[in-house]
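Before any comments, here is the structure.
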Amino acid sequence: MNSKELYAKARTLMPGGVNSPLRACKYVNSEPVFIRNAKGAHLFDEDGREYIDYVFSWGPQILGHQDPAVSAAAHEAIDLGSSYGAPCLGEIELAEAISRLIPSMEMMRMVSSGTEATMSALRLARGYTGRKKFVKFIGNYHGHADAFLAAAGSAAATVPGTPGVPEEVTAHTLLAQYNDLEAVKALFAENGEDIACVIVEPVAGNMGLVLPADGFLQGLRDLCTEHGALLIFDEVITGFRVSPGGAQVRFGITPDLTTLGKIIGGGFPVGCFGGKREIMEHMAPLGGVFQAGTLSGNPVAMAAGLATLKRLAECDYDALEARTTALTDGLAEIMREKGKPVTVNRIASAFTMYFNDGPVTNMAESGNSDSEAYAAYWRQMLAGGVYLAPAGFECAFTSFAHTDEDFEKTLEAARKVEF
Ligand code: KE4
């Protein structure tokens, strides 16, 4: 069956025919293509078409698809068994590797998704401080646990309100605009010692990419320290993406807890939360804060994650950042030559090109983008063999597998876009 036929069948079995809303391509008024396989920086769909990928499974595949070392590690692991439900060496090896790269993570726990990581980190912050309230930022997305579904980003941004989330749950969720430190100060002034934590994407990736303003992250650090609240960096996207040690190493800010996902699984389901030993020791079975998971620390996923981090240690992040800057400068110039105002926000190998005069420093400014122009751009780039995020409020990613030829073909496809 071709993608159209597969999509029709999928819609009879799964809501919207997908297992995650973004994949339905509603934002770009399109139907999804069904991917048969992937290799390097390329995807191949069920209709025999080939695409240059800039989604990479929403971030995990920074090395490109089927990196030989990662695939070999997964094959080797699965030949030993797929899941034990008991401690295994791989959990120690991946935790050690993460702790070496992100020193603030003295102790950690593996889970199976970013949602589990952030949900558990919030519970830990509440259990550790004995406080209920917490601060998140409008347009930040921390997965779909109830408490976070207030003014969330990513696909949640397209769902007005969120049926099924009782207001009693989000009553403790305090909101501020991203980069608005004064608003956070006001929340602490009003709620002071009732705030358990501030959770933030240190580089926002779910309202499109938005960089932290100078002093914003340090300001959050200082406010949390002053009021005895925990600072949680949600590095599910930025971890090992914006530097080999994530955003906290790149910006030199130390959070109390960090959440990870995506890249650390090497394409397999892995999430992780961790931080100061003294805080983490409040987790069961040592402490009273409960969390558990059947497939946590899965040996195959651990092996793929470890192989990924080992391979990343050989990669030149600065070179990829320079190549990504050149690509995005080229895309922006082409759009401007077509009369379309665009703003590019970027860091390392992540970027968003907004159809917007800019600047884009928060969700309100991100929302001022021309979504119709993005949808037209997305559809024509897809027809031109380029697979971009099917939503204007997501990041696009380059990888260590992209070639100069891939980037040149991408620019060529952009030159053919008409509005
Ligand atoms: P998962 O539960 O999807 O593994 O992770 C949730 C999550 C937590 N924190 C951040 C900063 C995230 O970006 C995410 C998930 N990201 C979205 C896309 N931006 C996943 C893709 C999807 O929802 O289909």
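Just so you know, ligand 1 is whichever comes first in the structure, and atom 1 is the first atom listed for that ligand.
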Which atom pairs, donor and acceptor, lie under 3.5 Å between side-chain atoms of residues 7-20 and protein residues at least two apart or in another chain?
{"from": "Y7", "atom 1": "OH", "to": "G16", "atom 2": "O", "distance (Å)": "3.4"}
{"from": "T12", "atom 1": "OG1", "to": "K9", "atom 2": "O", "distance (Å)": "2.5"}

(request) Decide if the gap between the ring center of Y27 and the ring center of F393 is smaller than 6.0 angstrom. (result) yes
(request) Collect the protein residues that have a non-hydrogen atom under 4.0 Å from ligand 1 and hand them over in chain and number order. (result) S20, L22, W58, S113, G114, T115, Y141, H142, G143, S154, E201, N206, D234, V236, I237, K262, E394
(message) Quick check on D214: does its CG atom have over 12 non-hydrogen neighbours (other residues, nucleotides or ligands) under 6.0 Å away?
(response) no
Considering only distance and modelled atom types, tabulate donor-acceptor pairs under 3.5 Å from the side chains of residues 258-275, sequence neighbours left out.
{"from": "T258", "atom 1": "OG1", "to": "Q248", "atom 2": "NE2", "distance (Å)": "2.9"}
{"from": "T259", "atom 1": "OG1", "to": "D234", "atom 2": "OD1", "distance (Å)": "3.0"}
{"from": "K262", "atom 1": "NZ", "to": "W58", "atom 2": "O", "distance (Å)": "3.0"}

Donor-acceptor pairs under 3.5 Å, side chain of residues 225-233 to any protein atom, not counting sequence neighbours: which ones?
{"from": "T225", "atom 1": "OG1", "to": "R221", "atom 2": "O", "distance (Å)": "2.9"}
{"from": "T225", "atom 1": "OG1", "to": "R221", "atom 2": "NE", "distance (Å)": "3.2"}
{"from": "T225", "atom 1": "OG1", "to": "R221", "atom 2": "NH2", "distance (Å)": "3.2"}

(message) With a 6.0 Å cut-off on the ring centroids, do F56 and H65 count as close?
(response) yes
